[in-house]
Undergrad: 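Structure below; questions to follow.
Note that this is a predicted model, so its numbers are computed, not measured. When reading the values below, keep in mind they use all heavy atoms of this one structure, side chains included, and skip hydrogens, waters and symmetry mates.
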Amino acid sequence: MPTDYTKYNKIGKGYNITRKADITLTENIIRLLKPINSGVYLDIGCGTGNYTHEMQKRGFHFIGIDPSEIMLKEAKKKNENIIWKVGTAEKTNLPKNYVDGIIGSLTIHHWNNLNLAFQELYSVLRKKGKIVIFTSTPKQMKGYWLNYYFPTMLADSIAQMPTLKSIKSAITNAGFTSINTEDYYIENTLKDKFLYCGKHKPELYFDKQIRHGISSFSSLANKEEVILGLSKLKEDITSGKIKEIMHSYENKLGDYLYVIAKKQ
């Protein structure tokens with residue numbers, strides 16, 4: 001089913017209150033992408049441009065592309081020197097061999113067609129350029145303790161996530177080589193309040209603004225399940241049972257994943 005981008009216009013209002021560029025994530029992207037100051041780079045599915053702006057602040061020239069005009073309007077408020085464009089991963093409207101590298105943070109599950117998207121990104125990327133995608137797989141998400149309190153919401157969220165196998169297949173079919181992955185585990189210092197931001201701090205989910213900035217809560221969730229789940233979560237935090245629940249979901253799968261590939 002094609003992604004309904006209008007819901008991100010709704011999320012875009014107030015999105016920057018809780019969705020901020022995290023230092024560790026930014027540094028990881030730089031380490032994996034290895035951008036140079038003279039290059040031109042693309043942040044695909046940039047949203048309100050938190051990471052685009054942070055990368056630009058560090059001296060790298062970026063273009064931000066997103067299908068939501070509301071998101072881009074917020075992005076422009078941060079930095080008018082960045083080129084912001086309406087577009088999708090499947091249709092960037094950029095010339096071939098135009099950028100030296102591409103990043104995409106928590107966006108791949110919003111793409112309508114993985115194969116077409118990676119073909120397009122391969123086309124606009126110059127030779128020797130890298131693409132770095134930050135995402136989570138269904139296998140990883142089944143290990144979130146959020147499943148215990150919001151089972152339907154998590155099931156719906158998991159259903160929209162591409163498997164690592166399908167991602168690698170689409171990347172390979174597009175022509176990319178040297179495909180690698182690196183696991184990421186949520187840190188206590190995380191500033192970007194995306195879905196599993198409360199892994200170590202479950203009380204974060206009581207904040208309406210944090211839930212508003214998470215598409216699973218703001219667009220997929222059943223209101224009654226959220227109310228009941230939050231009530232149960234509050235009880236378990238008070239009683240201490242939350243520690244038992246969190247422990248039962250501990251795993252070594254990684255909470256999120258970087259997928260890195262190169263164009264020869």
Side-chain angles (χ1 to χ4, degrees), residues 2-5 7-9 11-12 15 19 21-22 25-26 28-30 32-35 39-56 58 60-76 78-79 82-126 128-136 160-162 166-168 170-176 179 181 192 194 215 256-263:
T3 298
D4 177 14
Y5 293 119
K7 64 186 178 183
Y8 298 103
N9 287 334
I11 296 173
Y15 190 80
R19 300 301 300 272
D22 180 75
L25 292 181
T26 300
N28 283 345
I29 290 172
I30 292 174
L32 296 169
L33 186 67
K34 293 181 171 59
V40 178
Y41 299 89
L42 168 64
D43 184 357
I44 189 68
C46 65
T48 57
N50 292 314
Y51 289 95
T52 332
H53 175 57
E54 188 61 31
M55 297 292 279
Q56 191 93 347
R58 293 173 182 242
F60 306 112
H61 178 49
F62 265 77
I63 297 169
I65 291 181
D66 197 88
S68 170
E69 293 185 6
I70 297 297
M71 288 279 194
L72 292 178
K73 184 178 179 180
E74 293 299 314
K76 289 177 183 177
K78 284 193 192 72
N79 195 326
I82 293 175
I83 297 173
W84 306 103
K85 289 179 174 289
V86 174
T88 63
E90 295 86 354
K91 190 175 182 181
T92 64
N93 295 312
L94 293 178
K96 291 183 178 180
N97 306 310
Y98 189 72
V99 298
D100 296 285
I102 301 170
I103 66 172
S105 179
L106 302 178
T107 178
I108 195 171
H109 54 290
H110 300 316
W111 300 356
N112 288 322
N113 188 307
L114 281 184
N115 284 302
L116 288 179
F118 280 112
Q119 287 170 19
E120 169 71 2
L121 297 176
Y122 183 88
S123 175
V124 303
L125 185 63
R126 291 174 182 155
K128 307 299 181 182
K130 281 186 177 182
I131 182 168
V132 178
I133 300 294
F134 181 61
T135 187
S136 183
Q160 68 176 350
M161 300 300 294
S166 65
I167 294 171
K168 285 185 173 181
I171 290 176
T172 301
N173 291 340
F176 287 98
I179 303 171
T181 62
D192 194 351
F194 44 75
S215 61
Y256 290 83
L257 184 78
Y258 295 99
V259 182
I260 311 101
K262 187 176 182 180
K263 179 176 181 177

Undergrad: I'd like to know if the side chain of Gln56 reaches the main chain of Phe62, judged simply by a donor and an acceptor atom lying under 3.5 Å from each other, with no hydrogens or angles considered.
TA: yes
Undergrad: Distance only, no hydrogens: is a donor on one side chain within 3.5 Å (strictly under) of an acceptor on the other, for Asn173 and Lys168?
TA: no
Undergrad: At their closest point, which heavy atom of Ile82 faces which heavy atom of Thr52, and how far apart are they?
TA: CD1-O, 3.9 Å
Undergrad: Any donor-acceptor pair under 3.5 Å linking the side chain of Glu69 with the backbone of Val86?
TA: no
Undergrad: Would Lys262 count as a cation-pi partner of Phe176, with NZ or CZ less than 6.0 Å from the six-membered ring centre and within 45° of the ring normal?
TA: no
Undergrad: Would you say the side chain of Ile167 lies within less than 4.5 Å of the side chain of Thr135, judging by non-hydrogen atoms?
TA: yes
Undergrad: Just so I know, are the side chains of Phe194 and Leu25 near enough to count as touching, which here means a heavy-atom distance under 4.5 Å?
TA: yes
Undergrad: Taking the side chain as every heavy atom from C-beta outward, state whether Ile260 and Ile131 have any atom pair closer than 4.5 Å.
TA: no
Undergrad: Distance-only, no hydrogens or angles: does the Asp66 side chain make a donor-acceptor pair with backbone N or O of Gly47 under 3.5 Å?
TA: yes
Undergrad: Using modelled atom types only, decide if a donor and an acceptor are shared between the side chain of Asn113 and the backbone of Glu90 within a distance under 3.5 Å.
TA: no
Undergrad: Just jot down the side-chain hydrogen bond (donor to acceptor under 3.5 Å, both in side chains) partners of Thr172, sequence neighbours excluded, or say none.
TA: none
Undergrad: Is there side-chain contact between Leu32 and Lys130, with heavy atoms separated by less than 4.5 Å?
TA: no
Undergrad: Side chains of Tyr41 and Val99: closer than 4.5 Å at any heavy-atom pair?
TA: no
Undergrad: We want to know whether Tyr51 and Asp22 form a side-chain donor-acceptor pair, criterion being a heavy-atom distance below 3.5 angstrom.
TA: no
Undergrad: Under the 3.5 angstrom rule, does the side chain of Asn97 hit a backbone N or O of Val124 as a donor-acceptor pair?
TA: no
Undergrad: Does Glu120 have any side-chain hydrogen bond (donor to acceptor under 3.5 Å, both in side chains) partners at least two apart in sequence or in another chain, and if so, which?
TA: Thr92
Undergrad: Go through the steps for Ser123 and Tyr98 under the test side chain to side chain contact (heavy atoms under 4.5 Å, CB included), then give the verdict.
TA: CA-CA 8 Å; Ser123 175; Tyr98 189 72; over 6 Å; no
Undergrad: Okay, side chain of Trp84, backbone of Thr48: is any donor-acceptor separation there less than 3.5 Å?
TA: no
Undergrad: Can you sort out the partners of Phe60 under ring pair (Phe, Tyr, Trp, His ring centres under 6.0 Å), two or more places apart, ordered by chain and number?
TA: none
Undergrad: Report yes if the side chains of Leu257 and Phe134 come closer than 4.5 Å at any heavy-atom pair, otherwise no.
TA: no
Undergrad: Answer yes or no: is there a side-chain heavy-atom contact under 4.5 Å between Tyr258 and Asn28?
TA: yes
Undergrad: Taking Arg19 for the side chain and Asp192 for the main chain, is one N or O donor matched with an acceptor at less than 3.5 Å?
TA: no
Undergrad: State, with a plain yes or no, whether a side-chain heavy atom of Asp43 is found less than 4.5 Å away from one of Ile65.
TA: no
Undergrad: Does a side-chain N-to-carboxylate-O contact under 4.0 Å join Glu54 and Arg58?
TA: yes
Undergrad: What is the minimum heavy-atom distance between Gly45 and Thr107, and which atoms define it?
TA: CA-OG1, 3.5 Å
